[in-house]
Trainee: 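Input: one structure, supplied below.
The first residue in the sequence is number 1, and the count goes up from there.
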Amino acid sequence: MKQGEGKQEFDCSVDVLVVGSGSGGFAAAIAAADGGSNTLLIESTELLGGCSSMSGGGLWIPNNSLMQEAGVADPPDEVRAYLDEIIGDVGPASSGERRAAFLVEGPKMVDYLRNLGVKFNYAKGYPDYYPQKFGGLAEGRCIDGGIYNLNELPKEWRKKLRGLLPMAITTKDASVIAKPFSKAGMGTLGAIIGKRMIGGKLTGKNYAGLGVALVGQLLKVALQKGVDIWLESPLAELILEDGRVVGAIVIKEGKPLRVEAKKGVIMAAGGFAQNNEMRQKYHPKPICTDWTSANPGDLGGGITAGMSIGSETALMDDAWWGPTLINPNGEAQFMIWERSNPFSIMVDAKGNRFMNESASYVDCGHWMYEHNEKAPCIPAYMIIDSNHRKKYMLGMMMPGSTPKSAFTSGFITKGSTIEELAQAVGIDAENLKATIERFNGFCSTGVDEDFERGSNAYDRYYSDAKEAKPNPNLGAIAAPPFYALKVWPGDLSTKGGLLTDEFARVISTSGEVIEGLYAAGNNSASIMGRTYPGAGATIGPAMTFGYIAGKHAAGAAL
């Protein structure tokens with residue numbers, strides 16, 4: 001902590017310093033710069049975008065203008081009731097004031113960025129994660145950055161984005177191409193390869209989708225607004241003067257620079273998913289950084305910097321959990337459709353089901369830790385039959401094609417019978433066989449009497465109505481050979497961080513606002529508490545509170 005006795009000396013000076021280049025950081029930088037403030041954005045790694053760029057790039061923003069244009073009604077009182085029920089009381093991180101600010105300012109943020117040239121796409125039909133709850137929407141509230149031509153960026157910035165993928169897809173494309181041999185899957189893949197990839201190259205375009213499309217557009221606007229950007233420039237510590245944050249020490253080209261921030265420092269440096277020491281301290285056990293899908297720079301520096309000057313924290317024991325595979329290359333592979341499509345179940349080490357496999361990934365992660373206290377399920381096992389392997393993507397592995405490395409690495413185990421498979425992975429064979437027989441009975445009736453899988457629109461979003469009837473999530477595990485995959489409680493990043501108010505201002509351990517310090521995104525404790533209302537519920541609040549912080553720091557009216 002740097003506590004000055006008078007005027008500090010600085011190597012350089014800006015109005016607003018933004019720490020972190022994810023979607024929340026860019027929203028903050030754009031709002032601050034557009035509000036007339038000289039703005040510097042620093043990124044600790046060599047690439048921009050953080051976890052946002054590696055994500056699906058969706059924003060969960062209720063009552064946004066794209067929904068209105070699509071004719072989808074979204075009464076504010078119903079949205080608030082939905083959030084109040086599924087989040088509940090988790091303390092000040094999700095206070096009534098913060099929920100109100102999110103619901104009011106979120107749609108404004110979307111319109112603000114649209115007016116600056118950001119093109120969003122409404123993923124209509126991607127349901128909220130609890131559509132059966134009052135206020136939940138089967139149409140969903142998710143928007144994304146659509147498809148973006150990276151050639152619109154200055155040449156020197158085009159390869160500075162993290163998470164570049166070989167195919168340009170949108171949020172909604174994922175559910176279709178997970179079944180690439182279906183009629184819809186082949187049509188969508190054909191359009192992606194023909195129009196976006198081949199057609200793009202022939203016309204001088206360089207298309208990107210998902211998080212890269214979102215961050216690429218934000219980068220373009222930030223550059224247009226004159227935001228200065230430093231890569232490979234991590235924050236070392238915050239500088240205090242008479243109790244106010246007035247700047248920070250930044251490591252640039254290996255040297256510490258004292259950067260003055262006249263109007264404030266906005267912390268948007270992400271969570272601590274890649275920091276093993278912090279994970280061991282705060283998270284349930286077992287835990288391992290090998291299981292996270294967060295970006296390599298997700299080391300918690302922004303959180304510890306705030307804590308070192310007396311910032312309060314909340315939700316430090318939680319994360320954006322999700323069942324995760326470790327692929328043959330040793331990389332974490334966050335599961336979305338694999339566990340939800342039919343002809344599959346998840347079981348513990350004894351061979352018992354313990355969850356609705358098609359539910360929200362955060363819930364599934366919580367259930368893994370909760371159940372592990374009763375029966376070992378870390379790792380759990382996803383059991384599938386040949387129908388699943390022939391019809392559906394397994395991560396990036398095409399259907400019907402399982403390379404030898406998948407078996408030799410231990411990624412997937414095969415058995416000609418359930419008994420043989422159980423023996424190979426160390427599960428009680430008779431118990432697993434009984435579990436599958438019971439599940440197959442549910443497939444016949446269409447009703448999962450144990451966990452209600454397939455009973456709501458979100459469950460059914462990743463399913464196969466053509467192959468599994470009467471319930472599109474329930475397909476009998478009956479076609480040999482059979483396969484088992486180890487499943488770990490991975491995550492997209494962590495949920496805990498600096499406690500903030502409705503203006504994104506950081507709160508001290510004494511309950512007072514720390515003047516000059518703001519936080520957004522996973523650098524702050526999540527407004528969503530311990531749940532996940534719908535696709536984009538990380539990025540939506542990150543960008544909303546980044547926008548709020550940028551405007552507030554710049555002195556612009558909200």
Trainee: Tell me whether the count of non-hydrogen atoms from other residues, nucleotides or ligands lying under 6.0 Å of CD in Glu277 goes above 12.
Mentor: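 Counting other residues, nucleotides and ligands, CD of Glu277 stays at 12 neighbours or fewer.
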Trainee: Only pairs at least two apart or in different chains count here, so list each side chain to side chain donor-acceptor pair (under 3.5 Å) that has a residue in residues 534-558.
Mentor: Tyr518-His552
Trainee: Would Lys172 and Asp144 count as a salt bridge (Lys or Arg N to Asp or Glu O under 4.0 Å) here? Give the steps.
Mentor: CA-CA 9 Å; Lys172 287 193 69 175; Asp144 60 38; over 6 Å; no
Trainee: Using the test side-chain contact (heavy atoms from CB on, under 4.5 Å), find all partners of Thr509 that sit at least two apart in sequence or belong to another chain.
Mentor: Glu312
Trainee: Give every residue pair that meets the salt bridge (charged side-chain N to carboxylate O under 4.0 Å, His left out) criterion with at least one member in residues 283-310, sequence neighbours excluded.
Mentor: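 Checked against salt bridge (charged side-chain N to carboxylate O under 4.0 Å, His left out) - neighbours excluded - no pair reaches residues 283-310.
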Trainee: Can you list the residues that meet the salt bridge (charged side-chain N to carboxylate O under 4.0 Å, His left out) rule with Glu85, with sequence neighbours excluded?
Mentor: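 Expected list: Lys133.
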Trainee: Any salt bridge (charged side-chain N to carboxylate O under 4.0 Å, His left out) pairs touching residues 523-540, not counting sequence neighbours?
Mentor: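 For residues 523-540, and leaving out neighbouring residues, the salt bridge (charged side-chain N to carboxylate O under 4.0 Å, His left out) pairs sorted by first residue read Asp317-Arg530, Asp318-Arg530.
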Trainee: Judged by atom type as modelled, is there a donor-acceptor pair below 3.5 Å linking the side chain of Ser311 to the main-chain atoms of Ser508?
Mentor: no
Trainee: Hey, which of Tyr462, Tyr129, Tyr458 is the one that makes ring-ring contact (aromatic ring centres under 6.0 Å, His included) with Tyr361?
Mentor: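 That would be Tyr129.
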Trainee: I'd like to know if the side chain of Thr494 reaches the main chain of Phe272, judged simply by a donor and an acceptor atom lying under 3.5 Å from each other, with no hydrogens or angles considered.
Mentor: yes
Trainee: Name all residues meeting the salt bridge (charged side-chain N to carboxylate O under 4.0 Å, His left out) criterion together with Arg114; count only those two or more places apart in sequence or in a different chain, and write none if there are none.
Mentor: Glu69
Trainee: With distance as the sole test, does Lys263 use its side chain to make a donor-acceptor pair with the main-chain N or O of Asn38 at under 3.5 Å?
Mentor: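 No, the answer is negative, given that no donor and acceptor are paired below the 3.5 Å cut-off.
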Trainee: I'd like to check the side-chain contact (heavy atoms from CB on, under 4.5 Å) partners of Ala519; sequence neighbours left out, ordered by chain and number.
Mentor: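 If we apply the side-chain contact (heavy atoms from CB on, under 4.5 Å) test to Ala519, skipping adjacent residues, the hits are Met267, Leu498, Thr500, Val506, Ser524.
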Trainee: Tell me every residue that passes side-chain contact (heavy atoms from CB on, under 4.5 Å) with Ala29, counting only those two or more places apart in sequence or in another chain.
Mentor: Val18, Thr39, Leu41, Val227
Trainee: For Ile527, is there any backbone N or O sitting under 3.5 Å from a side-chain donor or acceptor partner on Arg99?
Mentor: no
Trainee: Please name all residues satisfying salt bridge (charged side-chain N to carboxylate O under 4.0 Å, His left out) with Asp491, sequence neighbours left out, ordered by chain then number.
Mentor: Arg279
Trainee: Give a yes or no on whether a salt bridge exists between Lys108 and Glu105, defined as a side-chain N under 4.0 angstrom from a carboxylate O.
Mentor: yes
Trainee: Within the side chain of Gln68, is there an N or O that forms a donor-acceptor pair under 3.5 Å with the backbone of Asn63?
Mentor: yes
Trainee: When rounded to the nearest 0.5 angstrom, what is the spacing between NZ in Lys281 and CD1 in Ile287?
Mentor: 16.0 Å
Trainee: In sequence, state the C-alpha distance, the side-chain angles, and the governing distance for Leu240 and Val245, and then conclude on side chain to side chain contact (heavy atoms under 4.5 Å, CB included).
Mentor: CA-CA 5 Å; Leu240 280 175; Val245 172; 3.7 Å; yes
Trainee: Pair up each side-chain donor or acceptor in residues 211-222 with any protein partner under 3.5 Å, not counting sequence neighbours, and list the distances.
Mentor:
unit_1: Gln217; atom_1: OE1; unit_2: Lys119; atom_2: N; d: 2.7
unit_1: Gln217; atom_1: NE2; unit_2: Lys119; atom_2: O; d: 3.2
unit_1: Gln217; atom_1: NE2; unit_2: Gly145; atom_2: O; d: 2.9
unit_1: Gln217; atom_1: NE2; unit_2: Ala213; atom_2: O; d: 3.4
unit_1: Lys220; atom_1: NZ; unit_2: Glu152; atom_2: OE1; d: 3.0

Trainee: Can you tell me if Asp363 and Tyr130 form a side-chain donor-acceptor pair at under 3.5 Å?
Mentor: yes
Trainee: My understanding is that only residues two or more places apart in sequence, or in another chain, count here; which of them pass side-chain contact (heavy atoms from CB on, under 4.5 Å) with Ala520?
Mentor: Phe545
Trainee: I'd like to check the salt bridge (charged side-chain N to carboxylate O under 4.0 Å, His left out) partners of Asp74; sequence neighbours left out, ordered by chain and number.
Mentor: Arg141
Trainee: Are the side chain of Glu502 and the backbone N or O of Ala100 linked by a donor-acceptor pair below 3.5 Å?
Mentor: no
Trainee: Judged by atom type as modelled, is there a donor-acceptor pair below 3.5 Å linking the side chain of Thr45 to the main-chain atoms of Glu43?
Mentor: no
Trainee: Can you tell if the side chain of Trp157 reaches within under 4.5 Å of the side chain of Ile229, non-hydrogen atoms only?
Mentor: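 They are in contact (side-chain heavy atoms under 4.5 Å apart), so the answer is yes.
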Trainee: Strictly under 6.0 Å, is that where the ring centroids of Tyr369 and His283 end up?
Mentor: no
Trainee: With a 4.5 Å cut-off on side-chain heavy atoms, are Leu59 and Met109 touching?
Mentor: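 A side-chain contact under 4.5 Å exists here.
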Trainee: Any side-chain heavy atom of Met368 within less than 4.5 Å of one from Trp321?
Mentor: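 The answer is no, as the side chains (C-beta and beyond) never meet within the 4.5 Å cut-off.
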Trainee: Should the heavy atoms of other residues, nucleotides or ligands under 6.0 Å from CD of Glu156 be counted, would the total exceed 12?
Mentor: yes
